[in-house]
Amino acid sequence: MTAASNTYPNAQQGETAKKARFNSDLTQVKIGLVLILLTGIGPVLAGNEYWIHTFQLVNIYIAASIFQNFLFIDAGQKSFGQGAILGLSAYGTAILFGLHGVPFVLAALGGIAAAALGGLLFALPALRVQGFHLGFVTMSAAIVFPQLLVTLDRWTNGINGISVRIPALMTPIAFGISPLALLVTIFPMLALIVHYLIRRSRLGRNMFVSSLSPEAARSLGIKPGLMRFAAFLIAAIGTGICGVLYLPVVAFVSPQGFNIELSFVFFFAVVVGGRGQMLGPIIGVAIIYVLPNVLLAQFVEYRLLMYGCLTMGAVMLFPDGIVGSIERLRSKKNHGGTGERAFRIDGFLAQLAGTGTAKEPTEEIAVEVRNGTKRFGAVVAVDGVNLKVRKGEIHGLIGANGSGKTSLLNVLTGLSRLNDGSFYINGVDTTDYPADKIANMQLGRTFQAPRIFSQMSLWDNLRLGLDARNGKGSDAIDALARAMETEFGHDRADLLSHGQRRLVEVMRTVLKESTIVLFDEPAAGLSKSERNNFADLVRFLSRQLGKTVILVEHDLDLVWGIADRITVLDQGRVVSSGNPEAVAKDAAVQHMFVGARHA
Amino acid sequence: MDGWAIETSGLTKSFVGFVAVNNVNLRVRKGSIFALIGPNGAGKTTVFNLLTKFLPPTSGRIMINGQDVSALKPHAIARLGVSRSFQISSVFPQLTVHENVRVALQRKNRDDFNFWQTDRCLSVLDERVEELLAAVGLGDYARHQASDLPYGRKRALEIATTLALDPSILLLDEPMAGLGSEDIKGVSALIRSVAQGRTVVMVEHNLRVVAELCDWVAVLQRGQLLTEGSYADVSANPAVIEAYMGNSHA
Amino acid sequence: MAMAPLETKIAAANGSVRQRQLIIILLVAVALSAAPFLIYPMFLINVLCFALFACAFNLVMGYSGLLSFGHAAFFGSAAYISGYCAKTMGLPAELAILVATSCSVVLGLIFGWVAIRKQGIYFGMITLAMAQVVYFIAVQAPFTGGEDGLQGVPRKALVSAMAPMSDRQSYFFVLAFFLIGFCIIYRIVHSPFGHILRSIKENETRAASLGYDVDRIKLIAFTLSATLSGMAGAVKAIGFQLATLTDVEFFMSGEVVLMVLVGGLATMTGPVLGAAIIIAMQYYLSEFGIWVKALHGMIFIVCVMAFRRGIVGEIGAYLSRRRGASD
Amino acid sequence: MLEVRNIVAGYGTIPVLRDVSLKANAGEILLIGGENGAGKSTLLGTIAGFNKPDQGEILLDGKPIGGMAPEVVARSGLRLVLDGHRVFPELSVYDNLRLGAAAGGRQVFKRALEEIYDVFPVLKEKHRLYARDLSGGQQQMLALGQAFIAQPKVLLCDEPSMGLAQALLPPILSFLRRWAETGTAVIIVEQHLAVTSSYADQAMIIERGTVKFSCPASELEARLGAAASVG
Amino acid sequence: MLSEILIIVIRGIAIGSIFATIAMSFNIVHGATNIFNFAQGNMFILGGFAAYFLANGAGIGMWAMMLIVAGLAIAALVSFQGYITLLPLRSSVEQDSWLISTVSVSVIVGAILMITQGPFAYSVQSIAPSFRIFGTRTPGAYGLAIFAMIFWYVALRLFLKHTYSGLAISALSQDFDAARAAGLPVRRLQLLAFAISGLMVGSVGFLVAPVISVSPDAGLKYVLNGFVAAVVGGIGSNIGTLIGGPLVGVVAMLTAYKVGGAYQDVASLLVLVSILVFRPQGIFGRVTARRV
Amino acid sequence: MMSIFSMPADVFLGQLLLGLINGSFYAILSLGLAVIFGLLQIINFTHGAQYMMGAFVAWMLLHYFGIGYWPALILSPIIVGSLGVLLERTMFRKLYNLDHIYGFLLTYGVALVVESAFRAQYGVSGQPYRPPNALSGIIDLDFMVLPIYRLWVVAASIVVCAATWIVIEKTKLGAYLRAATEKPVLLRAFGVNVPRMIMITYGFGVGLAALAGVLAAPIYQVSAIMGGNIMPVIFAVVVIGGMGSIGGAILTGFGLGILEAFAKLLYPPAASTVIFIAMIIILTVRPAGLFGRTR
């Protein structure tokens, strides 16, 4: 951990600055804790057995929904099968404890392990596919699960279910509060806190980025697959504990208890309460579960219909859920929305000025491509390309559209593989390296379409670069990071202009302290003055900080203005390569760009 | 533009108890603006109703453009190119201004009985409707309901509707009734402009308008033709003066 | 420039209005297809037949301004004819309906030819009187079954390969005819002819002075209405398996007036709604016997005194008033 | 033809455009330039209906179109050619053109099709090919052709040069020029002012969401120079 | 032995044809709207219920008419559902609200069926006579299922390649904004896609009612198997579903026969997971180059 | 024995008399309708119901209060007439500015309410009402037997009709009435209380209907449906006679009664339809009706 990343922005800091907080997560957590405490302890103090039992179950559902929320939004995994996970753990514990007499704690661990296993099974397809695919898989798992419970009656007691009694957990210890009551109160609170902490952490951000833009994640050195595994595992363990707690609360498990309906309850609760809001699951369970099952118990026949209608209504009327809508109102009322205007290249240049020392390109080779060929079906995008980029130089890569520039860039960052040939970074053969591994070799890139995450503050967007840094960075960058944190901690990223969005990407690579930076058409859509600023920045990166820059660009003036060497591609082949003057004189190149250089 | 647009001979209409129009012989020259004046109850509107066959004459003949129309029904008269505006402004109140005019245009489309096509086929008329509405200064009111228009505008609408038929003979029944002096100027100009190439017969009380607009004036009194001639001649006629003195100051 | 905001709204709304219409149509389609599973199908069949009847009647009363008090003649006679064709002659239902509907064309032409030159109430009285002739014929003619009417008309159609249809199936059979009829009426109302009809209703003399042969146009409208009323009656005889004297009685003529009046004159959906309300009243209040008729009378009075635009009409007026206010 | 009066528009609650007015006349090309993020694309998007203006009016032929959905705007005779030669890659060139003629009759389509084949013979040559098999420049031609087929009264062209080698720009611009001369109002948003301005009649520079100045295109260079020396 | 395998294969293919048709109905909606309609299975079962209530034991003519009625009614229902699903997509930033709304529609339809019809399976008489193939008696509805699959494949292909609306729907799937800018009536096309998908599943549900268990909770099974068929064939590829559907069907039948009926869904799930893990684009899916 | 139309003269004359009796009712009822229409421009669909009420009031007077035929002959029209006035005051008055269709519909609604109320109370079967002693009995002409009461009805109706006709056509009051139909505003300017005149006229018309009801009570049975059945016929009479023509209504009423009777003789099934067929024929020949004026 570096010094910069130790200073988390916290609520107090946000309040002292005049800007409105970017989100109200912390407040929501506080309210949520109070609410859970109320539902957990309240009925006990009231002393009504029915309410005690009901709200214990409610609290378990709240906890499960919190993990659903985490999985659904923070990790972007659409799972409709959390009910089955809960069931796995509950059944696992019940089988071990109830049928085989294993001690409860051990049985519980077994149950949780079963749940974790189930979560990993879910994660398996999630390695390859996302979104509704996953939804279908998890949903079918949730459908199959109770069927299996019935079919495998040799182990599960089939349709009869398993009854369990754990008197030790039920005897009150003080004020009529039983250990069980305590557990089912504390666990959801813990779940909430864990959720909050993960969200504030680097892990949480990495998960979030992985779900929204896997390419960006990989180019920042994150393994999206690992993140998904982690997310499913965390959610499964959390839900598994819920399953363990479910057992003493209900004292009975049967296949009907874990049909798809249960999964829907968790999912719908998150949606109705407010996707991604800390408080969402709590409010959601109150509406989805408590309302039909407790308050309108005489209509219990219609509860499935009510789930559906409530959710439908929420999607139509409050697309952000109840809490989400309130949060939206709050941020609408408070939007400052001017901070991001200060996000300009010249500002950063001024800040960074004087931090580096003058450097010149060395003769060491940073990147080398040997006879690289990349095919897409019949189209040969990169055709036997040989390319050498020296350390510390600015290397322009130009060519008409479809000449293979971006394809080459994708190969270099590991997002796609060469069909033939090989390439080396800092002398290491990286031909078959995955993108994240390449990224961790201090290589950074930008995308033509900037990857901006509007759910994160501007600073968090930038911070992704810092997160991806390998090892300790320079003081200058740390200082810049701190300045940015105070400046942009509560600004919205979605208000940035197109040029600024590009700049965010560029600044990420700066914060990442990559030694090799690949820019994919960074100047497209920048104004003249912005372009000049950008040229200054690139020059600064190369000459002051000694970075190797590969610049894929259409703007010939820009390239000729700053590049040390230029490679011209045409239809996947290198037409010409060398210093700008030599390339400009090349007849083939002149032919290609004739009449185009007076922009 | 020769010959007579309208000729009547011995036109008589008697109601139970009294004779509204008595042996009137009128001849209206093609292309002229012809005024029918006379005190209240002189039978002017009845003459109009007879000309358009809204009332059947008791006796006498009516020729329009040389054709004897005694046997025809009102709508057939209209199809001969005789178009009439009514004494009390007469629009289709629940239709929009646009539709009011379009209904008139529709007739030439020959789809009186076309009940199988959608009304979208009427959009070909829209351009002409807009032209006509613009001509009478109603361009901005196209989507209003006719009943919402103030009186003067209703008149204008009625004239637009009448013009939509592109009539050869225009019968205007007191076009200035109920109009303010500003509107009168406008409508006068309008009448003058539409009279190009048309025959206009009007009943009008406002003698100044008659003097200004009309080529020929016929005076009716108690159902009979008192005299006719240019306005100057007629206004000098003592009988006319007497007829008017008796009434117009009442 | 007073028009600008309104035009903007119209233009801007145009896309969404069409879409909203589309959605409403979809919703209605869903409701219509789900209805027989939620509501007693025979009731729905009854409603549909009378809705079509009322819509057809609205064509004369609402859109042409002619008060016909004899429309039961078309409805009832067509019911008898199609019932007879289907039962005694064993024709398939579609053919029976076709025959009966064609007869209604002729009957409509005769009625119209006699009555059309009369206006307003005269028209109503003459049509009433003529419908009475049809009624007496129905009472005395040998094939109508007198007081009993034609019962147990078979529901065998070509589409069912002459197999008897169940209630739900007949519902869809009737629905098809209703939709055809409704679409025809919609087309008529929104056709060039429909526009002329409206203008005649608004101001007959003016329309004549524009060169329209008012009598002919009204005659055509009346005949169209009679035809569709006949279709409604014919379909009713099949769908309900019954044709009786009540179908030709002049109370029936009054009832259809009431349906249109309650729903809303000169609206497309008003008559349907009106029919549904009146039929529902008859169904669900049947235990009150004759008092239902008194209730009808009272609704008549209320409608005429205070509620002349009918339900749909009043809603439409309210909406357009609100739109006007928001401008 | 097209008149924009004092529109204010943006994403969410933050206005990107403030009080922008412009007028595009039939038969003329209006060039809109300005820094990135100045709101040029937002302006086109707003005119074409992709954004809702918060205030102000957009009049096409005197009829307001502000706030209508893009497809409705397109059908009322205003076409936006999106940046980055967006065509339908998995449809044939011919089908792409066919879809352009969302409104209008068969005759109009045939005539326009022949014209566009005349101007860009390569499209005729490749009319059976999938659009994805065309080069970037050809795709841009196809995108323009798609708009041309509809014979709009107003054409908006968002950065026709974007992603194209600069050598490809002049033929496209001269096509727009000829098109404009048939009585269409054309608006081009462009970064490469120097190349484009010689084809345009009017020019306008937008800065930070407001109109900095507008002038005849011939004076653009001078005005830009003046602005640079002052600012 | 051989005849057993034949039975399994024939029935598997027939059941798979149902899956294939559902998969094709997924494809058309997904292409036009990027939405995967989770409620499709329940719409399919509604078709079955329509057959039970409207055409059980009816003559061929009435049966055909009721088929049309059911198809149209379900098409209307689905396109209305599509309208509702699409509504929030216009404004909200969150673009996967459809996931939630289609799931909730699925729950709602299932719940309504459960409340009104109870948790029973209804059996429907077949209109088509059973036929002998390789000496095995096969219910006629199986033939109908295969016929329906082929019919819908051909119809969709003709529609998408040769009609203006079809081309426009394809265009939507390729570039939504460009389609809007070109003046295509986007929303109407999307609703049309929904309607077509509804027509497909509704009619097929009606056709095959005699050989499926028409019960309120059966919808989920079919939506999942349809999805598996779509994934096996490659999402968006209709020709792929022609293979994918029968494949899944045969696997399911085989499992039911060899292992036990309860494992049918497990087998489908395993097929799904293995396809997703090893070849997510499906057997026939093409890796499309996307803009980075 | 004489024979007319190849049938015995007594049958013939008997039918003639029957026709005259029916005609008397037609005449009085259509007269009332015509009077009301003349002034209010409303076709009084309630007329049939009021006719029925007239009979019922007479029956009730006898049944509940023991008041006999002769007082009822006066009382019943007054009672029913005042009810009519009430109706006019509370309802019709608000509809004068609207399309006449609405007045028609309103009266239809009222008729529905009244008739079904009576039907609900008394059923469809008739209540007997005996003629007064003075008029019971028969006169035996040698070719037929003639109930005195029927003779009285014919005579009474002729007198009533004639009187009404004289009042309206020949007196100053009648002149006012006629003037009021033509130009109510003008008449108001003369200082005539037009609304009150309308009210009284309506009351009078209704009273006529009730009178017919009382006269009919001993002949036909007093039943709730007696009004509804006669209304279409009355309409036909009014239409044939020519709307608004008082004399036309009277003459046509008698004429059609006789026509109906003959039809019954010649071709019984046509009896109920002959009037309507006559109407169709007459309307095709004379669209304005027999005595109607063209406008």
Side-chain angles (χ1 to χ4, degrees), chain C residues 61 65-70 110-111 113-137 139-141 201 215 249-251 253-255 257-258 260-261 265 288-306 308, chain F residues 33 37 41-43 45 49 90-91 94-95 98-121 123-124 224 228-229 231-240 243 268-277 279-281 283-284 287-289 292:
Chain C
M61 179 158 164
L66 296 168
L67 175 59
S68 161
F69 231 78
I110 297 171
F111 270 50
W113 185 67
V114 174
I116 214 76
R117 276 163 296 179
K118 293 295 197 170
Q119 285 174 13
I121 328 165
Y122 305 83
F123 185 82
M125 293 165 68
I126 293 167
T127 45
L128 168 58
M130 288 169 68
Q132 220 45 25
V133 179
V134 176
Y135 171 72
F136 284 123
I137 290 173
V139 171
Q140 291 168 356
K201 183 197 172 193
D215 288 346
E249 242 177 15
F250 93 90
F251 274 118
S253 299
E255 208 158 86
V257 176
L258 183 58
V260 174
L261 207 58
L265 274 174
F288 296 103
I290 190 69
W291 285 109
V292 176
K293 223 161 220 171
L295 191 59
H296 282 185
M298 280 178 223
I299 296 174
F300 245 119
I301 295 170
V302 171
C303 279
V304 171
M305 296 304 295
R308 275 182 289 274
Chain F
L33 213 56
F37 179 77
Q41 299 285 318
I42 279 180
I43 287 292
F45 216 127
T90 51
M91 291 186 181
K94 300 191 172 108
L95 299 176
L98 296 169
D99 196 323
H100 301 320
I101 283 178
Y102 287 111
F104 184 58
L105 293 179
L106 181 70
T107 53
Y108 176 68
V110 174
L112 260 187
V113 173
V114 171
E115 281 180 6
S116 19
F118 272 92
R119 254 178 89 176
Q121 193 61 40
V124 265
N229 289 345
M231 273 320 280
V233 182
I234 300 300
F235 279 173
V237 172
V238 172
V239 171
I240 295 172
M243 289 301 303
S272 44
T273 50
V274 67
I275 291 183
F276 303 109
I277 291 164
M279 177 193 80
I280 294 168
I281 294 167
L283 281 181
T284 29

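These values consider heavy atoms only, across backbone and side chains, with no hydrogens, waters or symmetry-generated copies. Protein chains get the first letters and strands the later ones, always in sequence-line order, with residue 1 at the start of each.
Separation of atoms CG (F:Leu106) and CE (C:Met305) is listed at 6.0 Å; rounding is to 0.5 Å. Note that CG of C:Leu261 is 6.0 Å distant from CG of F:Leu105, once rounded to the nearest 0.5 Å. The distance from the CD atom of F:Gln121 to the CD1 atom of C:Ile290 is 12.5 Å, given to the nearest 0.5 Å.
Using cut-offs of 30° and 60° for the angle between ring planes, the C:Phe251 and F:Tyr108 rings count as tilted.
The shortest heavy-atom contact between F:Ala236 and C:Ala129 is CB-CB, 4.2 Å. Here the closest non-hydrogen pair linking F:Gly109 and C:Phe300 is CA-CB, 3.6 Å.
At a threshold of 4.5 Å between non-hydrogen side-chain atoms, the residues C:Ile126 and F:Phe276 do not count as touching. Here the side chains of F:Val233 and C:Gln132 are not in contact, with every heavy-atom distance at 4.5 Å or above. In this structure the side chain of C:Met298 never reaches within 4.5 angstrom of the side chain of F:Val110, judged on heavy atoms. In this structure the side chain of F:Leu98 never reaches within 4.5 angstrom of the side chain of C:Val304, judged on heavy atoms.
In this structure, C:Phe69 has its ring center no closer than 6.0 Å to that of F:Phe235.
If you measure heavy-atom distances from C:Ile110 to chain F, you find no contacts under 4.5 Å at all. Contact of F:Met91 with chain C is made through backbone and side chain together, with heavy-atom distances under 4.5 Å.
Highest contact tally toward chain F, considering only C:Lys293, C:Met61, C:His296, is held by C:Lys293 [criterion: heavy-atom pairs under 4.5 Å]. Between chain F and the residues C:Ala131, C:Gly254, C:Cys303, C:Gly297, the most heavy-atom pairs under 4.5 angstrom are made by C:Gly297.
With sequence neighbours excluded, the residues that form a side-chain hydrogen bond (donor to acceptor under 3.5 Å, both in side chains) with C:Ser68 are C:His71.
Results of the side chain to side chain contact (heavy atoms under 4.5 Å, CB included) test with C:Val133 over F:Thr273, F:Val274, F:Ile275 single out F:Thr273 as the only residue that passes.
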As a quick check of understanding, evaluate side chain to side chain contact (heavy atoms under 4.5 Å, CB included) for F:Ile280 and C:Trp113, giving each step before the final call. CA-CA 10 Å; F:Ile280 294 168; C:Trp113 185 67; over 6 Å; no
